[in-house]
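The next block holds one structure in the form of structure tokens; read it before the comments.
Residue numbers run from 1 in the order of the sequence given.
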Amino acid sequence: MSPEQLACQRRHPSARWPFPPEQLRSRVAQALDLHGAGHADVAASVLEARGSSGLDPEQFAARHGVGVALLARAEAGELALVDLPSQLRRLLS
């Protein structure tokens, strides 16, 4: 990486994010659980994977060969890990 790129990376807002990804995922899972998500841990992990990709739901679903409706169900905590298609399970392991 060039010195300019390193400087940009240090200035980017994500460099100042106060939570490690694991802690953020845990908090999202707790919030989803409080709202009745049956599989909050799976939902939080799917949301993290999509969020870190920078893709919107349609782009993310297309990239991984799943339907948008299935992705929405996974992000809502309606699907257990074993019920996810292998394309999504691979991202979470």
ask   = Do Val42 and Leu71 share a hydrophobic cluster (ILVMFWY, side-chain heavy atoms under 4.5 Å, transitive)?
value = yes
message = With ring pair (Phe, Tyr, Trp, His ring centres under 6.0 Å) as the rule and sequence neighbours excluded, what pairs involving residues 29-49 come up?
response = none
task = Would you list the pairs meeting ring pair (Phe, Tyr, Trp, His ring centres under 6.0 Å) in which at least one residue belongs to residues 59-93, sequence neighbours left out?
result = Phe60-His64
request  = Could you list the residues that satisfy side-chain hydrogen bond (donor to acceptor under 3.5 Å, both in side chains) with Glu78, not counting sequence neighbours?
outcome  = Arg73
task = Can you run down the ring pair (Phe, Tyr, Trp, His ring centres under 6.0 Å) pairs that involve residues 72-93, sequence neighbours left out, and say none if there aren't any?
result = none
remark   = Contacts of Ala37 meeting side chain to side chain contact (heavy atoms under 4.5 Å, CB included) (sequence neighbours excluded), chain-then-number -> Leu32, Ala40
task = Please collect all ring pair (Phe, Tyr, Trp, His ring centres under 6.0 Å) contacts where either partner lies in residues 72-93, sequence neighbours excluded, each pair once.
result = none
Side-chain atoms of residues 83-92: list all donor-acceptor pairs with protein atoms under 3.5 Å, sequence neighbours left out, distances to 0.1 Å.
residue : atom : partner : partner atom : Å
Gln87   : NE2  : Gly65   : O            : 3.2
Arg89   : NH1  : Leu84   : O            : 2.4

inquiry  = Listing request: all salt bridge (charged side-chain N to carboxylate O under 4.0 Å, His left out) pairs with a residue in residues 51-72, at least two apart in sequence or in separate chains.
reply    = none
query = So do Ser26 and Gln30 actually touch side chain to side chain, heavy atoms under 4.5 Å?
reply = yes
ask   = What pairs of residues pass the salt bridge (charged side-chain N to carboxylate O under 4.0 Å, His left out) test when at least one of them lies in residues 36-55, not counting sequence neighbours?
value = Arg25-Glu48, Arg50-Glu75
ask   = When hydrophobic residues are tied together by side-chain contacts of less than 4.5 Å, even through go-betweens, does Leu24 share a cluster with Val46?
value = no
